[in-house]
Amino acid sequence: MSELNQPARVRFAPSPTGHMHLGSARTALYDYLIARQTGGQFILRIEDTDRKRFVEGAEEELMKGLRWLGLEWEEGTDVGGPYGPYRQSERKALYAKYARQLVENGHAYYCFCTPERLRKVREEQQSRKEDAHYDGTCRDISLAEADRRIEAGEKHVVRFKTPREGTTTVHDMRRGDITVENRKIDDYILVKSDGLALYHLAVIVDDHLMKVTHVVRGAEWLPTFPLHGMIYRAFGWQEPEFVHLSVFLKPSGKGKMSKREAGQLMKDGRSIFVKDFEDMGYLPEALVNWIALMGWSYDDHTEFFSMQDLIEKFSFEKVNPSPAAINFTKLDHFNGLHIRNLSVSDLAKRIKPFFVKAGYDPDDELLLNITPLLQERMRTLDEAVEKAAFFFREDVVPLPEDLVGKKLTANESADVLEEALKTIAGLTVFDVEALEQPLRNLVEELGLKAGQVFGILRVAVTGQKVSPPLFESMEIIGKEKSIERIMQGIALLREIDG
RNA sequence: GCCUCCAUCGUCUAGGGGACUAGGACGCAGCCCUUUCAAGGCUAAAACGGGAGUUCGAAUCUCCCUGGAGGCACCA
């Protein structure tokens with residue numbers, strides 16, 4: 001967009017009503033990217049005007065999630081900024097002032113209808129198959145009379161006075177002009193009877209006062225987008241640029257992600273909540289890469305992006321307005337890619353908590369040694385434990401039947417181990433180089449396949465049928481322990497055949 | 001029901017009138033490499049929802065249909 005030559009002020013404005021999900025994370029990411037790219041500001045604003053839906057701790061979780069993803073903001077509830085407060089519940093007076101301005105300008109009016117009456121009207125309209133809009137009872141009450149009634153303590157709300165005729169056109173960066181007939185737009189409530197603004201007023205007042213230049217938000221705002229345009233014009237304010245992001249669909253592609261679906265996904269070991277991904281062994285780099293590409297693309301072949309790449313390459317022109325189904329297997333793929341992109345020491349640091357959580361006390365140097373063996377074969381960090389926990393265990397006892405080599409009996413397998421033992425017992429240096437040739441020669445001498453011999457050895461030494469490469473593993477485990485375990489294997493095998 | 005948005009392989013997407021026998025990626029299948037598992041390499045199968053129009057020419061532009069999604073609260 002050509003208008004992005006100027007530093008962009010963008011805001012991520014979640015409501016603290018639950019866990020942050022992938023859709024919000026993507027919105028925040030795009031906000032962040034465009035702010036960084038243009039040298040602008042990324043603002044975190046908390047939209048908590050609905051006290052009933054407020055969830056304790058949600059704001060903290062939100063901030064934690066954003067920081068985990070690497071999306072640091074320069075203005076917000078915790079860091080402050082020149083346009084605060086950044087929590088809408090603390091901006092009540094502001095909304096009241098601007099609502100009054102709208103009323104005095106004739107663009108809004110006080111409404112004294114009770115919720116009960118409104119419900120009844122709505123039901124009647126629905127039974128007559130009419131649009132369920134406010135019937136306009138209070139629309140033409142004079143301001144003087146309204147003020148008298150308010151003075152008298154009557155409960156009231158402020159409604160926007162939507163023009164009954166004509167059309168309104170608003171502009172979305174990706175979808176172009178959107179035009180609706182004004183009569184299809186309701187006289188929305190701007191200020192509730194508790195005096196707090198509703199989203200439609202608060203968002204516009206705040207975006208204007210906070211000098212927001214670009215609004216990135218979900219497609220669920222499209223239907224009320226024209227209303228927002230009308231409110232901007234009623235104030236006589238300049239409108240920011242808007243982009244509406246498509247919704248995320250279920251992995252099946254059929255229907256939007258729902259709470260119920262989220263529960264089912266958890267049973268499948270997947271989640272749409274940002275807070276869960278770290279524990280599941282995903283890298284924030286991979287999550288960022290993945291969600292960036294759900295609804296945006298750079299060209300016809302580039303898929304691996306670091307945050308820095310994204311900052312440089314992101315653009316609203318390439319945002320795709322059509323809905324996208326969540327594809328978790330692709331996240332796994334990206335996670336593997338980013339794991340392989342890490343330095344060994346970085347990866348070691350990230351794997352460590354998973355061993356700790358599994359009850360191990362991993363020695364840092366040992367961890368650093370085994371990390372290279374893991375790096376090529378992991379998709380998620382938690383896999384490290386199942387693949388390599390044996391390095392940290394004193395006692396490794398394989399299942400006897402696993403020790404039996406392919407097409408061999410237990411005694412034959414034990415013979416193989418005894419030969420191997422002889423081969424390596426005399427080695428003074430115990431590393432990959434020293435181990436490989438003698439053991440390959442042994443395979444030759446025994447007239448067996450490499451897979452047979454190394455398979456038996458692998459199970460004896462690691463206790464697992466699937467493990468990191470054998471010679472590397474033996475080098476790390478060391479001569480003494482390797483020999484111990486081979487001897488243990490021999491004993492176990494001899495027991496099978498008695 | 002009404003309003004709005006969207007529409008290319010199973011999925012994420014490239015494509016903005018001729019460069020398209022429609023490209024990439026995930027997944028899937030096969031092969032290669034190989035001490036297991038991976039990783040890596042190669043190959044294959046797999047899509048322009050339908051119909052009118054505009055044009056010398058349409059995946060690309062217009063309209064209709066169909067399908068999908070979102071919204072219709074003193075929620076955001």
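Taking atom P on both rG10(B) and rG49(B), the two are 11 Å apart, rounded to the nearest angstrom. Between rA22(B) and rU8(B), the two C1' atoms lie 8 Å apart (nearest whole Å). Comparing the same atom, P, in rA59(B) and in rC48(B) gives a spacing of 11 Å after rounding to whole Å. Separating the C1' atom of rG15(B) from that of rC9(B) is a span of 14 Å, rounded to the nearest Å. Rounded to whole Å, the separation between the P atoms of rC42(B) and rC6(B) comes to 38 Å. Comparing the C1' positions of rU21(B) and rC63(B) gives a spacing of 31 Å, expressed to the nearest Å. Distance check on atom C1': rA25(B) versus rA46(B) gives 14 Å, rounded to whole Å. Comparing the same atom, C1', in rA14(B) and in rC20(B) gives a spacing of 12 Å after rounding to whole Å.
Remark: the backbone N or O of R458(A) is paired with a side-chain donor or acceptor of T462(A) at under 3.5 angstrom. Here the side chain of D131(A) pairs no donor or acceptor atom with the backbone of D186(A) at under 3.5 angstrom.
Checking S413(A) against D415(A) by side-chain atom types alone, no donor-acceptor pair falls below 3.5 Å. There is a side-chain donor-acceptor pair under 3.5 Å between D206(A) and Q88(A). Of the N and O atoms on the side chains of D187(A) and Y109(A), at least one donor lies less than 3.5 Å from an acceptor on the other residue. Side-chain N/O atoms of T168(A) and N182(A) include a donor and acceptor closer than 3.5 Å.
Distance, E116(A) CD to rC74(B) P: 12 Å, rounded to whole Å. When the P atom of rA39(B) is taken as reference, atom CG of L347(A) falls 15 Å away, rounded to whole Å. Rounding to whole angstrom units, CG of residue L342(A) and C1' of rA39(B) are separated by 16 Å. Distance, L337(A) CG to rG40(B) C1': 12 Å, rounded to whole Å. For the pair F328(A) CZ and rG10(B) C1', the interatomic distance rounds to 16 Å; values are reported in whole Å. Separating the CD atom of E383(A) from the P atom of rU36(B) is a distance of 19 Å, rounded to the nearest angstrom. With rounding to whole Å, D300(A) atom CG is found 16 Å from rC26(B) atom C1'.
Side-chain N/O atoms of R379(A) include one lying less than 4.0 angstrom from OP1 or OP2 on rA39(B). At rU35(B), none of the side-chain N or O atoms of K406(A) fall inside 4.0 Å of OP1 or OP2 (strictly under the cut-off). Between T329(A) and rC26(B) there is no side-chain N or O to OP1 or OP2 distance below 4.0 Å. Distances shown here put every side-chain N or O of R175(A) at or beyond 4.0 Å from the OP1 or OP2 atom of rU4(B). A sub-4.0 Å separation between OP1 or OP2 of rC75(B) and a side-chain N or O of K192(A) is present. Considering only side-chain N and O atoms, H301(A) lies nowhere under 4.0 angstrom from the phosphate OP1 or OP2 of rG24(B). Regarding contacts with the backbone of rU13(B), every side-chain N or O of N327(A) stays at 4.0 angstrom or more from both OP1 and OP2. R53(A) has no side-chain polar atom (N or O) that falls below the 4.0 Å cut-off from OP1 or OP2 of rA76(B). The phosphate of rC2(B) (OP1 or OP2) has no side-chain N or O of K184(A) nearer than 4.0 angstrom.
The side chain of H333(A) has rA25(B) as its nearest neighbour among rA39(B), rC75(B), rA25(B). Distance from the side chain of P223(A) is smallest for rG71(B) among the nucleotides rG15(B), rG71(B), rC26(B). Here the side chain of V247(A) is nearest to one of rG24(B), rA69(B), rU36(B), namely rA69(B). Set against rU4(B), rU13(B), rA76(B), the side chain of V180(A) has rU4(B) as its closest nucleotide. For I189(A), whose side chain is taken as the heavy atoms from C-beta onward, the closest listed nucleotide among rG15(B), rU35(B), rC74(B) is rC74(B). Of the candidate nucleotides rU35(B), rA7(B), rU11(B), rU35(B) has the atom lying nearest to any side-chain atom of F471(A). With distances taken from any side-chain atom of T49(A) to the nucleotides rA76(B), rU36(B), rU13(B), the minimum falls on rA76(B). Picking from rU35(B), rC74(B), rC5(B) the nucleotide with the shortest atom distance to the side chain of L198(A) gives rC74(B). Out of rC6(B), rA39(B), rU35(B), the shortest distance to the side chain of R340(A) is found at rA39(B). Side-chain proximity of R458(A) to the nucleotides rC2(B), rU36(B), rU4(B) is greatest for rU36(B).
In this pair, H107(A) and F160(A) present their aromatic rings parallel. The plane angle is below 30°, not in the 30 to 60° band. Taking the six-membered ring where the residue is Trp, H244(A) and F242(A) present parallel rings, their angle staying beneath 30° rather than reaching 60°.
At the heavy-atom level, G218(A) lies nowhere under 4.0 Å from the strands shown. Nucleic acid contact class of L439(A) (heavy atoms, under 4.0 Å, all strands): none. If you check every strand for non-hydrogen atoms under 4.0 Å, P323(A) touches sugar and phosphate atoms only. Here P226(A) lies out of heavy-atom contact (under 4.0 Å) with every strand. Heavy atoms of E303(A) sit under 4.0 angstrom from at least one base atom. Among the atoms of the strands shown, none is found under 4.0 Å from any heavy atom of F334(A). Looking at heavy-atom distances under 4.0 Å, S193(A) makes contact with a base. Contacts of K387(A) with the nucleic acid, taken as non-hydrogen atoms under 4.0 Å apart, are absent. Using a 4.0 Å heavy-atom criterion, one finds that W221(A) contacts the bases of the nucleic acid, with or without backbone contacts as well. Nucleic acid contact class of D332(A) (heavy atoms, under 4.0 Å, all strands): none. Counting any heavy atom pair closer than 4.0 Å across all strands shown, P468(A) reaches a base atom. Using a 4.0 Å heavy-atom cutoff across all strands shown, T17(A) reaches no nucleic acid atom at all. R122(A) comes within contact range of the sugar-phosphate backbone alone, with a heavy-atom separation under 4.0 Å but no base atom that close.
Applying the 3.5 Å distance criterion, the base of rA25(B) shares a donor-acceptor pair with the side chain of K330(A).
The partner of rG53(B) is rC61(B), judged by Watson-Crick or G-U wobble contacts that both fall below 3.5 Å. rG70(B): Watson-Crick or G-U partner is rC3(B), with both key distances under 3.5 Å. Pair check for rG10(B) finds rC26(B); Watson-Crick or G-U wobble, both atom distances under 3.5 Å.
Atom NE2 of H156(A) and atom OG1 of T114(A) lie 15.0 Å apart (nearest 0.5 Å).
F305(A) has its ring centre less than 6.0 Å from the ring centre of W296(A).
The residue among E436(A) and E130(A) whose nearest nucleotide of RNA chain B lies closer to the 5′ end is E130(A).
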